[in-house]
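Computed from heavy atoms alone, side chains included, the values below leave out hydrogens, waters and symmetry copies. All residue numbers refer to positions in the sequence shown, counting from 1.
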Amino acid sequence: MEIGRRPIVWWPVGLIAAASTLLLLATAHRYDYHRDELYFRMLARDPQWGYLDQPPFTPMLARLGIEAFGDTDWAIRVPPAILLGLVAVLAAAVARELNGGAVAQSLAAAGVFGVFPLSAAHVTSTAVTDLLVWLGVLLCAIRALLWGRERAWLGAGLAAGLGLYNKHLVVLLLLCLAGGILIAGPRRVLTSRWLWAGAGLAVLVGLPNLIYQIVEGFPQVTMAAALADERGGDNRALMLPLQFALMILPPVWIAGIVALVRDPRLRQIRALAVAYPLMLILLLVTAGAPYYSMGLLHALFAIGTVPTERWITGHIGRQAVLAAGTGLSIAIGVAGALPVIPADRLSATPVPALNQTVADQIGWREYVWQVAAVYTALPPAYRRRTILYAGNYGEAGALDRYGPRLRLPPVYSGHNELWRLGPPPEGRNVVIAVLQAPPARAIELFQSCRVAFQLSNAFGVENEETGTRVYVCETTESWASIWPRTRHYG
C-alpha cells in the first residue's frame, strides 16, 4: 500500500498561524516580565558565543526584540510570538507529509494553542525555539524515511546544528530517533551516506558551540547536574501526568502513536513511535524536565491528526465531538498560559499553582520598590558604600531593570552566568542582599547581617520570591575573598 501527499492548505494553516502570533502580541504586555526574560535582558547586553548555563540564541533573540521595538516586555516577546506561528506551519507540514487534508493540517497547526506551546512562546524562552527546531528535524526525517528523499537528512542536520545554539536538548532527540531506527527500522538507513552527511553538517554548524563547551570545561553538564539535584524529584513525579496536560487533545497524539504502530503504510517512520518512550525513559533517568519531550510529542500530535481526519469524515456526530473538544482544549490552553485573568484575581484561581510560568510574571516592580525602601532607609554614609546582591537571576534582572529609576546602586549576583560579571568594587562593604536563604547563609557570605524585610506582592500570588528575605549586611572581607563563595548554579 502507498500513501499519497496532498498540497498544504495555506489559507486555514496561515490563518491559524497568524492568529497564534496575534494572540500572543495582544496579551504580551499584561502582568510583567518573566524571571528568565529579566535574565536574558542582562545577558543580551554582552553577546557571547555561549554562556555558562546556555547557548547564545535566546539572549540574542531578546536583544533583537529590544533593538527593534524598545526596552519593554512587549518588545522582548515579539520574536517568540513569530516563532510560534512558524511552529504551527511546520506542524501542518508534518500532517501533510502523511497525506493529511485540510482538517488534519488545520488541527495540526491548532496544536500551538496548548498550554505548553502558548506558555513557551508568551515569554522569551528556549522552549519555543526548541519546538521549531525539533519539528524541523522530524519533518526532514519523515521526508527521508517515508518518501526516500535521502537528501532531507541534510536539512535535519542543519536544523539540529542550528538548534545547538539554542539548547543542547536536540541531542536527546537525535539519540532517541537513532534508537528508534535501531529497534523498529528501517536499519538500512543507518548506512546512508546522506544521513551521515547530515550528522556531519550538524557537527560542523554547531562546532563553535562545542568548542566553547570544551574550553569552558563543559559548564552545561554542571548546570544539568545542578538542575537535576534541585528539581529531579518533582520532574520525575510530574513526567507522565504533564504529557497529557500540556498539549491539546491527548487522544490525537495517542492516535498518532497507534497509527505508526499499526498502519503498514507508516512502517518506514515507526521509529518515531519508539523514540517517544525512549525519550521518557531517558528523561526519567536523567531527571529532565517533563516539557523536554514536547517537541517530539508535538510531531506525534501532527501525525495523529491524519487518522483523526479519517475518523470524523462522514460522521457529523464525531465532527461535533472533535470541534467541541478542540474548542475546550484551546480555551484551557489560553486561560492556563496567557495573562487573560486580571492579576488581582489570579490568586483565586488554580492557574499560578499549575503553571509556574504565570506565577513568575507577578510582582517584580513591587519587589524592587520594597528593596528600594530598605535602601533609602539607610543613612547617607551607608548608601554611598552599598551594593545590591541578588540570590538568583530573576531578582538580579528585576533590580537591573527597575532599579536605576529608583536610584538604586548596581546589582551583582553569583547565579549562573552573572557570577562572571562580578565582583563589586572594593570599598563597597555594605550589602543589601536579596536571598531566599536563611540568615546563617547570609552571615556565611557577608559576615554581619540582619533581616530588614520579606518580599510579598499585593496580588497574593505565591511564586519563588514570596517570603524572600532582604538583608542588610556589613563585611570586612575583601570582595576577592567573598566572590568565590557566591558562585552557584540552578
Return the [atom1] to [atom2] distance between [X] and [Y], rounded to the nearest 0.5 Å.
X	Y	atom1	atom2	answer
Y165	M60	OH	CE	10.5 Å
F57	D130	CZ	CG	10.5 Å
F40	T126	CZ	OG1	6.0 Å
L296	L177	CG	CG	8.5 Å
T72	R41	OG1	CZ	10.5 Å

Centre-to-centre under 6.0 Å for [X] and [Y], is that the case here?
X	Y	value
F446	Y471	no
W364	Y402	no
Y292	W134	no

State, with a plain yes or no, whether a side-chain heavy atom of [X] is found less than 4.5 Å away from one of [Y].
X	Y	result
L90	L86	no
L278	I183	yes
H298	V94	no

R384 NZ/CZ over Y382 ring centroid, <6.0 Å and within 45° of normal: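 Judged by the rule, R384 and Y382 form no cation-pi pair.
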Test log, rule side-chain hydrogen bond (donor to acceptor under 3.5 Å, both in side chains), inputs S413 and E395: CA-CA 9 Å; S413 177; E395 297 156 357; over 6 Å; no
Whether the side chain of [X] engages the backbone of [Y] through a donor-acceptor N/O pair (distance < 3.5 Å, no angle test) should be reported.
X	Y	value
Y393	E417	no
N416	L418	no
R420	G414	no

Candidate list H29, E37, H34, test side chain to side chain donor-acceptor pair (under 3.5 Å), partner R77, passing option: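 The single option meeting the side chain to side chain donor-acceptor pair (under 3.5 Å) with R77 is E37.
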Trace of the side-chain hydrogen bond (donor to acceptor under 3.5 Å, both in side chains) decision for N392 with R35: CA-CA 9 Å; N392 66 52; R35 65 171 54 253; 3.3 Å; yes
Mutual orientation of the aromatic rings belonging to W253 and F244 [parallel < 30°, tilted 30-60°, perpendicular > 60°]: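 Answer is tilted, since the angle falls between 30° and 60°.
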Geometric class of the Y389/W483 ring pair [parallel <30°, tilted 30-60°, perpendicular >60°]: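 Ring orientation, 0 to 90° scale: perpendicular.
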Verdict with supporting geometry, Q361 and H122, side-chain hydrogen bond (donor to acceptor under 3.5 Å, both in side chains): CA-CA 11 Å; Q361 297 171 62; H122 169 61; 2.9 Å; yes
Verdict with reasoning, N166 to T58, per side-chain hydrogen bond (donor to acceptor under 3.5 Å, both in side chains): CA-CA 6 Å; N166 176 65; T58 302; 3.0 Å; yes
Verdict with supporting geometry, F301 and L297, side-chain contact (heavy atoms from CB on, under 4.5 Å): CA-CA 6 Å; F301 177 86; L297 194 63; 5.9 Å; no
Side-chain H-bond candidate by donor/acceptor type, Y39 with Q54, under 3.5 Å: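 The answer is no; no qualifying pair exists.
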Any idea which heavy atoms bring [X] and [Y] closest together, and the distance?
X	Y	result
I181	A271	N-CB, 3.5 Å
A202	A160	CB-CB, 4.2 Å
A289	L283	O-CD1, 4.0 Å

R401 vs D32, salt bridge (Lys or Arg N to Asp or Glu O under 4.0 Å): CA-CA, chis, key distance, verdict: CA-CA 11 Å; R401 176 66 180 88; D32 203 343; over 6 Å; no
Exceeds 12 heavy-atom contacts within 6.0 angstrom, atom CZ of R385: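 More than 12 within 6.0 Å, yes.
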Residues in side-chain hydrogen bond (donor to acceptor under 3.5 Å, both in side chains) contact with S119, at least two apart in sequence or another chain: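 Listed in chain order: N355.
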